[in-house]
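Quick notes on the structure that follows.
Because only heavy atoms are used, hydrogens play no part in the values below, and waters and symmetry mates are left out as well, while side chains stay in. Labels below follow one simple rule: chain letters A, B, ... track the order of the sequence lines, proteins then strands, and each chain is numbered from 1.
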Amino acid sequence: MAFATEYRTHTCGDLKAKDVGKTVKLAGWVQNMRDIGGLIFVALRDHYGVTQIIFDAALNNEVFKLAESLKPESVIFIEGEVISRIQGNINKEMKTGEIEVQATNLEIDYLVPELPFTITDEVSCSEEIRLKYRFLDLRREKLHKNIILRSKVMSEVRRHMIAAGFNEIHTPILTVSSPEGARDYLVPSRLHPGKFYALPQAPQQYKQLLMCSGFDKYFQIAPCFRDEAARAGRSPGEFYQIDIEMAYVGQEDVFKAMEALFKDITPKVASKKKISLTKDGCFPRIEYWDALNEYGVDKPDIRYELKIKDVTEIFMDSEFKVFASNTKKGHCVKALVVEGCEHEARSFFDKMDAYAKEQGAKGLAYLNYKEDGLKGPIAKFLKETELEDLKTRLGLKIGDGVFFGAGKWLETCKIMGAVRSKIAELRDLVKDKDELAFCWIVDFPLFEWNEEEGKVDFSHNPFSMPQGGLEELKTKDPLDIKAYQYDLVCNGLELSSGGIRNHNPKIMYKAFEIAGYSKNDVDEKFGHMIRAFKFGAPPHGGIAPGLDRLLMIYADEPSIREVIAFPMNQRAQELMTNSPGDVAVQQLKELHLKIEVNK
RNA sequence: GGGGGCGUAGUUCAGCUGGUUAGAACGCCUGCCUGUCACGCAGGAGGUCGACGGUUCGAGUCCGUUCGUCCCCGCCA
């Protein structure tokens with residue numbers, strides 16, 4: 001009776017066999033009605049469940065007549081007596097299926113007209129209509145449950161973090177635009193003509209400053225805003241991170257804290273999910289370069305093996321031009337061994353070739369290992385020694401197919417990575433859909449080469465500590481310098497990114513210098529960070545798991561919109577309220593803005 | 001910014017090489033039905049085939065443009 005209110009004595013999920021005989025009041029939505037003549041059954045739904053209401057013409061004709069006029073999704077209040085159902089009429093699918101409520105009174109609060117779509121999980125409907133009528137869409141069981149799961153995950157995260165000694169601290173939403181990173185959402189300032197706030201892309205700098213303020217362990221379920229294109233796993237505009245930062249820690253300490261978090265909350269929010277661990281009970285670790293070499297991505301799905309092999313060496317002096325032209329230039333040849341290809345038709349290989357081309361490959365060569373040796377369109381171009389080398393190096397068995405990619409290292413890795421996951425999809429290589437295969441990707445490079453601008457850029461986070469410190473920054477090729485920068489990946493989805501921060505002003509100036517920022521630039525843009533570090537910064541680091549993506553994994557949803565109550569569409573519009581919208585001229589005036597739309 | 005899929009009844013879809021009056025299921029409306037639970041049965045209403053333009057004797061169908069939506073690449077430190 002905890003949820004009894006003015007309108008109800010019980011919720012629609014409460015009543016069981018033990019309540020038979022009680023006079024009750026229920027309130028809810030008409031999920032479905034079945035008028036069988038003289039008897040009307042109504043499935044009455046609220047947040048908590050569904051209870052069957054029965055209207056009997058013989059018992060109360062007046063109420064029965066009113067019930068005949070009901071429409072689905074109408075809000076009604078009923079009074080009645082809980083009665084038991086006879087054997088045979090019990091609905092085992094329903095939690096309240098042993099009873100029903102015989103209505104003695106009915107009040108129709110509102111009779112709804114025809115709905116834009118049917119409120120059941122079974123019937124689909126276009127995304128546009130769902131988003132426009134999101135309040136209706138959210139009544140559907142699956143989506144409703146996802147939103148409740150989200151609430152539960154947040155509460156479990158908070159419980160765990162606080163028990164682990166973290167403090168949840170709010171950071172500003174109206175902050176300042178910072179160079180690097182994504183496009184900002186800007187908010188014009190009324191009091192400062194021509195100046196703008198920026199919504200935070202993440203509370204990155206604030207959380208580091210909190211470390212400088214002596215807060216030992218910080219977390220926040222923080223909104224982040226980035227004006228970038230959407231994807232199935234990336235919400236446009238805004239998303240949430242479980243933002244975490246710790247003082248006096250190294251990489252291992254952060255890993256330990258995160259593994260503890262996920263091991264603790266997963267069974268509580270998604271009991272079906274099983275986390276795969278190493279023998280030592282940890283998440284496996286893969287170096288960034290190994291991830292690219294073996295899986296072709298920096299967010300590998302390690303629920304299946306299917307590793308990419310490097311066979312460049314075999315073809316150093318090849319007569320096959322496609323391979324030789326690449327190996328001579330210092331590029332690479334990669335191979336992917338796929339078992340059980342003896343049953344695959346030519347069309348399978350053509351399909352994979354077409355797919356590789358879509359991914360930007362020039363083609364996808366292949367061989368089949370048959371009883372009489374390695375066969376395939378490229379076999380005749382390869383020397384006998386090369387074929388033998390392939391067999392031994394790749395450990396080929398009869399029936400194996402081998403796909404080859406050749407070209408520049410990174411491009412080839414990425415194409416082979418795409419081929420790898422395509423094959424996994426076609427072959428249904430993920431055996432247990434409830435497995436959570438977390439892994440740490442470690443040793444990200446601090447810098448990367450920017451082709452367009454012909455300069456060195458920070459590859460991930462400009463505040464990451466370079467491995468080897470100042471010494472390596474001064475002496476090594478910048479592109480060879482690794483950072484204490486890591487990603488947490490789960491089932492091929494990048495869940496979080498983090499790092500041990502660069503808290504030393506000298507090292508920071510040097511790192512920024514390599515990326516093309518003068519001391520003045522750094523002082524101007526990141527003066528607050530430098531000042532904070534000068535006045536004593538603890539070694540610190542953290543991570544920020546994406547809440548929305550975590551929920552996608554827990555709820556088995558392929559689209560991020562399914563775990564957000566009011567998501568935006570791909571073009572960053574929220575179709576229910578029609579945001580973004582126009583504003584009054586007066587508002588623009590106050591903000592000192594003039595609109596000029598480029599055609 | 002680029003590539004691709006989709007757009008036909010309230011909803012989900014079918015509609016062949018262009019050819020009478022554009023179909024189905026669900027939903028909706030009317031009627032019948034006292035144990036349904038996606039009730040059943042009978043009947044009925046409901047369409048600018050996303051929009052515009054072109055080809056054609058004739059366009060839902062072919063071509064072009066455009067709009068919407070989803071997916072992907074770029075982008076997302």
Side-chain angles (χ1 to χ4, degrees), chain A residues 31-45 50-59 64 68-69 71-73 83 85-94 96-97 100 102 112-133 136 178-184 201-202 204-205 224-237 239 355 357-360 414-415 418 444-448 450-452 457-464 483 485 487 494 497-499 511-512 515 526 544 546 558-559 561 569-571 573 575:
Chain A
Q31 166 129 313
N32 160 297
M33 50 183 298
R34 300 169 294 272
D35 179 350
I36 59 168
L39 274 186
I40 297 172
F41 297 95
V42 168
L44 188 67
R45 183 197 71 236
V50 179
T51 298
Q52 176 161 283
I53 314 300
I54 179 166
F55 296 91
D56 190 335
L59 280 167
F64 179 84
E68 279 187 314
S69 70
K71 310 266 184 242
E73 297 305 313
I83 60 175
R85 304 199 201 177
I86 60 159
Q87 204 68 33
N89 287 339
I90 288 172
N91 186 340
K92 292 200 175 86
E93 308 289 306
M94 287 173 78
T96 61
E100 60 201 348
Q102 180 115 46
V112 313
E114 193 176 352
L115 297 156
F117 54 85
T118 311
I119 315 290
T120 64
D121 283 344
E122 291 78 27
V123 182
S124 65
C125 145
S126 82
E127 199 80 19
E128 192 181 358
I129 293 172
R130 289 181 55 196
L131 292 176
K132 183 171 175 191
Y133 299 97
L136 289 179
S178 155
E180 296 275 336
R183 265 186 293 270
D184 282 316
Q201 295 181 21
Q204 181 64 35
Q205 296 181 38
C224 304
F225 306 89
R226 295 179 192 174
D227 187 2
E228 294 293 349
R231 285 286 186 284
R234 200 166 80 205
S235 163
F239 60 95
Y355 179 74
K357 281 177 179 156
E358 270 172 43
Q359 303 301 310
K414 285 185 174 173
I415 286 160
F444 273 81
L446 183 62
F447 300 108
E448 67 187 5
N450 183 329
E451 285 289 347
E452 268 175 45
D457 268 350
F458 285 107
S459 73
H460 253 62
N461 184 322
F463 302 113
S464 289
Q485 167 80 45
D487 274 4
E494 184 193 320
S497 212
F512 272 93
F526 304 109
S559 165
R561 291 184 298 277
N569 68 5
Q570 186 145 44
R571 296 181 58 205
Q573 296 162 300
L575 297 175

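When the side-chain nitrogen and oxygen atoms of A:Gln573 are compared with OP1 and OP2 of B:U69, one or more of them lie within a distance under 4.0 Å. OP1 or OP2 of B:C71 has at least one side-chain nitrogen or oxygen of A:Arg561 nearer than 4.0 Å. Between A:Lys71 and the phosphate of B:C29, there is a side-chain N or O to OP1/OP2 separation shorter than 4.0 Å.
Using a 4.0 Å heavy-atom criterion, one finds that A:Ile86 contacts no nucleic acid atom at all. Using a 4.0 Å heavy-atom criterion, one finds that A:Ser459 contacts the sugar-phosphate atoms exclusively. Residue A:Pro462 is in base contact, counting any heavy-atom pair closer than 4.0 Å across all strands shown. Across all strands, A:Gln204 comes closer than 4.0 Å to base atoms (heavy-atom distances). Residue contacts shown for A:Arg231 include a base, since a base heavy atom lies under 4.0 Å away. Among the atoms of the strands shown, base atoms are found under 4.0 Å from some heavy atom of A:Glu100. Base engagement by A:Phe41 is indicated by at least one non-hydrogen atom pair under 4.0 Å involving a base atom. Base engagement by A:Gln570 is indicated by at least one non-hydrogen atom pair under 4.0 Å involving a base atom.
Look at CD1 on A:Ile40: it is 15 Å from P on B:C37, rounded to the nearest Å. Computed from coordinates, the A:Glu127 CD to B:G5 P distance equals 20 Å when rounded to whole Å. Look at CD1 on A:Ile129: it is 18 Å from P on B:G27, rounded to the nearest Å. The CD1 atom of A:Ile415 sits 15 Å away from the C1' atom of B:C72 (whole-angstrom rounding). Atoms CZ (A:Arg34) and C1' (B:C26) sit 17 Å apart, rounded to a whole Å. When rounded to the nearest whole Å, the span between CG of A:Asn91 and P of B:C39 equals 11 Å. The CG atom of A:Asn569 sits 5 Å away from the P atom of B:C70 (whole-angstrom rounding). Between A:Ile90 atom CD1 and B:C37 atom C1' the separation is 13 Å, expressed in whole Å.
Of the C1' atoms belonging to B:C73 and B:C37, the separation is 49 Å, rounded to the nearest Å. If you take atom P in B:A25 and the same atom in B:C32, they sit 24 Å apart, rounded to whole Å. B:G53 and B:U12 have their C1' atoms separated by 31 Å, given to the nearest Å. With C1' as the reference atom, B:C29 and B:G46 are 10 Å apart, rounded to whole Å. A gap of 5 Å separates the C1' atoms of B:A9 and B:G47, to the nearest Å. Straight-line distance between the C1' atoms of B:G7 and B:U61: roughly 14 Å, to the nearest whole Å. Between the C1' atoms of B:G60 and B:G18, the separation comes to 10 Å (whole Å). Separation of the C1' atoms belonging to B:U66 and B:C57 is 29 Å when rounded to the nearest angstrom.
Judged by distance alone with a 3.5 Å cut-off, no donor-acceptor contact links the side chain of A:Arg571 to the base of B:C70. Between the side chain of A:Arg234 and the base of B:C76, a donor-acceptor pair under 3.5 Å is found.
A heavy-atom distance below 4.5 Å is not found between the side chains of A:Glu127 and A:Asn569. You'll find the side chain of A:Phe526 reaches within 4.5 Å of the side chain of A:Ser178, heavy atoms only. Contact of the A:Met94 side chain with the A:Glu100 side chain is not registered, since no non-hydrogen atoms from C-beta on lie closer than 4.5 Å. The shortest distance between side-chain heavy atoms of A:Gln201 and A:Asp184 falls below 4.5 Å. By the 4.5 Å heavy-atom criterion applied to side chains, A:Gln485 and A:Leu446 are not counted as neighbours.
In the set B:C76, B:U34, B:C37, B:C37 carries the atom at the smallest distance from any side-chain atom of A:Met94. Taking every side-chain heavy atom of A:Glu128 into account, B:U69 is the closest of B:C75, B:G35, B:U69. Minimum atom distance to the side chain of A:Ile36 is reached by B:C33, of the listed B:C33, B:U69, B:G27. Between B:U69, B:U12, B:G74, one nucleotide has an atom nearer to the side chain of A:Ser126 than all others, and that is B:U12.
Position along RNA chain B of the nearest nucleotide to A:Ala58 versus A:Ala232 favours A:Ala58 as the more 5'-ward residue. Between A:Glu68 and A:Asn32, the one whose closest nucleotide on RNA chain B sits nearer the 5' end is A:Glu68.
When both pairing distances are held under 3.5 Å, B:U69 makes a Watson-Crick or G-U pair with B:G5. Look at B:G43: its Watson-Crick or wobble partner, with both distances under 3.5 angstrom, is B:C29. Figure legend. B:C62 is base-paired to B:G54; pairs are counted as Watson-Crick or G-U wobble with both atom distances under 3.5 Å. The nucleotide B:G18 finds no pairing partner, because no Watson-Crick or G-U wobble arrangement with both distances shorter than 3.5 Å includes it.
Taking a centre distance below 5.5 Å and an interplanar angle below 30 degrees as the stacking criterion, A:Phe117 does not stack against the six-membered base ring of B:U11.
Between A:Glu228 and A:Arg234 there is no salt bridge, since none of the side-chain N atoms of the basic residue sits less than 4.0 Å from a carboxylate O of the acidic one.
Residues forming a side-chain hydrogen bond (donor to acceptor under 3.5 Å, both in side chains) with A:Glu128 (at least two apart in sequence, or on another chain): none.
Aromatic rings of A:Phe463 and A:Phe458 (six-membered ring for Trp) have centroids beyond the 6.0 Å cut-off, not under it.
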